[in-house]
Amino acid sequence: KMVLDKLGQSLNNALKKLARASTVDEALVRDVVRDIQRALITSDVNVRLVLDLTKKIEKRALEEKPPAGVSKKEHIVKIVYEELTNFLGKEAKPVEIKAKPTVLLTVGIQGSGKTTSVAKLSRYFQKHGYKVGVVCSDTWRPGAYQQLKQLIEPYGIEVFGNPEEKNAIKLAKEGVEYFKKKGVDVIIVDSAGRHKEEKGLIEEMRQISNTINPHEVILIIDGTIGQQAYNQALAFKEATPIGSIIVTKLDGSAKGGGALSAVVATGAPIKFIGVGEKIDDLEPFDPKRFVSRLLG
Ligand code: GDP
């Protein structure tokens with residue numbers, strides 16, 4: 001599956017320019033770095049972040065001596081690879097399933113792809129051999145419970161919910177207790193994405209979090225919102241102890257780079273990315289693998 005096609009193509013073109021050149025001199029390095037800059041800015045990555053990143057690449061490319069047996073060109077490609085990987089968070093940070101059950105709480109605003117991501121996540125853990133239960137505590141969107149059931153019951157994953165219940169905190173608590181009794185390995189609690197007002201949403205999240213005491217709170221962010229992702233992630237991070245982030249809709253979006261880098265800039269680890277509408281379109285986010293694929 002191709003992710004961030006356009007960014008990958010333009011980065012590749014920059015590296016091709018390097019590969020084709022007969023001599024690697026300062027002018028060429030600056031030219032290639034400028035192309036990388038343009039590629040990232042066109043993908044909506046924050047300009048200041050782009051400048052920091054490309055300054056590092058340029059400095060290393062101009063100053064470092066390649067190790068024995070490595071050509072100058074190969075070494076510069078390696079620098080680009082390393083700096084992009086560092087930029088995106090360096091190491092993969094998996095969601096750890098240590099406690100039984102491990103309770104995960106997902107939060108995010110309506111339309112971010114939260115419900116779909118909860119379904120994908122439950123399927124992901126199921127495929128990795130865990131027994132999963134999903135709790136729908138979204139009392140604001142009438143269709144949420146049905147949507148979740150439709151998405152994951154065909155896989156034999158149970159959804160706990162009650163469309164009549166208006167108390168989200170009570171629902172979340174009952175759902176977690178229900179699945180604890182059932183002896184599942186992972187409980188995923190989905191919360192509301194909308195409220196009368198934003199303050200109410202944040203307060204409800206805080207109360208649910210305090211009541212069910214999740215091992216990890218996972219924030220879902222729409223990957224097509226570009227640099228706005230920075231403020232959204234920060235706002236949630238201040239309100240709840242966000243343990244990780246899923247960036248959705250990174251398939252086919254030329255501007256996905258913006259959201260991705262904005263989220264990385266908040267310091268909260270991205271653990272998964274959504275790359276399609278289907279239940280299996282969820283990938284663990286591994287900066288190394290991501291950059292390898294981006295650079296082809
Ligand atoms: P919620 O309101 O946050 O729960 O959002 P939904 O889960 O209902 O998703 C909103 C829309 O985004 C739906 O049409 C989903 O199919 C779509 N969507 C969610 N994740 C992805 C993704 O990774 N890629 C694409 N292309 N669409 C997605």
Side-chain angles (χ1 to χ4, degrees), residues 1 3-8 11 39-54 56 83-96 104-118 120-121 124 191 193 198 201-202 205 209 214 216-276 281-294:
K1 175 143 269 166
V3 180
L4 300 171
D5 280 353
K6 283 194 184 144
L7 176 59
L11 289 173
L40 291 165
I41 290 171
T42 309
S43 286
D44 210 28
V45 181
N46 177 286
V47 176
R48 210 191 58 236
L49 297 178
V50 172
L51 293 182
D52 285 350
L53 170 66
T54 49
K56 270 188 217 151
E83 290 302 333
L84 279 172
T85 305
N86 286 347
F87 178 67
L88 288 176
K90 217 178 262 182
E91 301 291 337
K93 296 167 189 85
V95 172
E96 295 188 347
L104 307 172
L105 171 64
T106 58
V107 300
I109 61 171
Q110 182 154 312
S112 59
K114 191 159 60 63
T115 311
T116 312
S117 297
V118 167
K120 289 174 175 177
L121 208 52
Y124 173 86
S191 64
E198 199 176 294
L201 178 64
I202 301 275
M205 261 167 29
S209 181
E216 187 160 322
V217 180
I218 304 176
L219 170 64
I220 316 295
I221 288 206
D222 183 337
T224 65
I225 65 171
Q227 295 179 35
Q228 288 172 49
Y230 184 77
N231 286 329
Q232 205 180 98
L234 266 194
F236 272 96
K237 218 179 138 205
E238 276 161 21
T240 49
I242 298 297
S244 59
I245 296 183
I246 298 179
V247 181
T248 64
K249 309 181 196 177
L250 284 182
D251 48 306
S253 157
K255 299 222 160 190
L260 203 58
S261 61
V263 168
V264 168
T266 65
I270 297 172
K271 295 201 177 170
F272 289 95
I273 53 176
V275 292
D281 296 333
L282 182 77
E283 297 180 359
F285 183 62
D286 177 352
K288 285 200 183 97
R289 199 160 52 101
F290 189 80
V291 172
S292 298
R293 211 165 39 176
L294 206 55

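All residue numbers refer to positions in the sequence shown, counting from 1. Atoms considered below: every heavy atom in the structure, side chains included; atoms not considered: hydrogens, waters and symmetry mates.
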I'd like a table of donor-acceptor pairs (distance under 3.5 Å, sequence neighbours excluded) in which one partner is a side-chain atom from residues 107-116, with atom names and distances.
unit_1, atom_1, unit_2, atom_2, d
Gln110, OE1, Arg194, NE, 3.4
Ser112, OG, Ile109, O, 2.7
Lys114, NZ, Asp190, OD1, 2.7
Lys114, NZ, Ser191, O, 2.3
Thr115, OG1, Arg141, NH2, 2.7

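- Judged purely by atom type and a 3.5 angstrom limit, Gln227 uses its side chain to pair as donor or acceptor with the backbone of Asp44.
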Practice prompt. Apply side-chain contact (heavy atoms from CB on, under 4.5 Å) to the pair Leu53 and Asn86, showing each step before the final yes or no.
Written response: CA-CA 9 Å; Leu53 170 66; Asn86 286 347; over 6 Å; no

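- Between atom CG of residue Leu7 and atom CD1 of residue Ile41 there is a gap of 11.5 Å, rounded to the nearest 0.5 Å.
- Residue pairs meeting the salt bridge (charged side-chain N to carboxylate O under 4.0 Å, His left out) criterion with at least one partner in residues 217-229, sequence neighbours excluded, are Asp222-Lys249.
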Worksheet item: Would Leu88 and Phe285 count as a side-chain contact (heavy atoms from CB on, under 4.5 Å) if you check the C-alpha gap in whole Å, the side-chain angles of each, and the deciding distance to 0.1 Å?
Response: CA-CA 10 Å; Leu88 288 176; Phe285 183 62; 4.2 Å; yes

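- Remark: Lys56 pairs with no residue by the salt bridge (charged side-chain N to carboxylate O under 4.0 Å, His left out) rule, at least two apart or across chains.
- Applying the ring-ring contact (aromatic ring centres under 6.0 Å, His included) test to Phe236 and every residue at least two apart in sequence or in another chain returns nothing.
- Between Ile218 and Leu121, the closest side-chain pair of non-hydrogen atoms falls below 4.5 Å.
- Minimum heavy-atom separation, Tyr230 to Ala262: CD1-O, 3.3 Å.
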May I have the list of side-chain donor-acceptor pairs in residues 263-274 shorter than 3.5 Å, sequence neighbours left out?
unit_1, atom_1, unit_2, atom_2, d
Thr266, OG1, Val263, O, 2.6
Thr266, OG1, Ala268, N, 3.3
Lys271, NZ, Pro94, O, 3.4
Lys271, NZ, Glu216, OE1, 3.3
Lys271, NZ, Glu216, OE2, 3.0

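- Listed here is the closest heavy atom pair of Ser117 and Thr248: OG-CG2, 3.3 Å.
- Leu294 has its side chain within reach of Leu11: a pair of non-hydrogen atoms, C-beta onward, lies under 4.5 Å apart.
- Distance alone, capped at 3.5 Å, places no donor-acceptor pair between the Lys288 side chain and the Thr85 backbone.
- In this structure, OG on Ser292 lies 8.0 Å from CG on Asp286, to the nearest 0.5 angstrom.
- One distance of note links CG of Asp52 with CD of Glu83; it measures 11.0 Å at 0.5 Å rounding.
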Worksheet item: For Ser209 and Val217, what are the C-alpha separation, side-chain angles and deciding distance, and is it a side-chain contact (heavy atoms from CB on, under 4.5 Å)?
Response: CA-CA 8 Å; Ser209 181; Val217 180; 4.3 Å; yes

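- Shortest non-hydrogen contact noted between Leu260 and Leu250 is CD1-CD1, 3.7 Å.
- Closest non-hydrogen pair, Ser261 versus Asn46, comes out as OG-N, 4.3 Å.
- Under the side chain to side chain donor-acceptor pair (under 3.5 Å) criterion, Glu238 pairs with no residue, sequence neighbours left out.
- Residue Ile220 is tested with Ile246, Val118, Ile245 for a side chain to side chain contact (heavy atoms under 4.5 Å, CB included); the sole match is Ile246.
- Closest non-hydrogen pair, Ile242 versus Lys237, comes out as CG1-CA, 3.7 Å.
- Across all their heavy atoms, Val247 and Gly223 have their closest contact at CG1-CA, 3.5 Å.
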Practice prompt. Given side-chain contact (heavy atoms from CB on, under 4.5 Å), test Gln232 with Ile225 step by step and report yes or no.
Written response: CA-CA 10 Å; Gln232 205 180 98; Ile225 65 171; 3.6 Å; yes

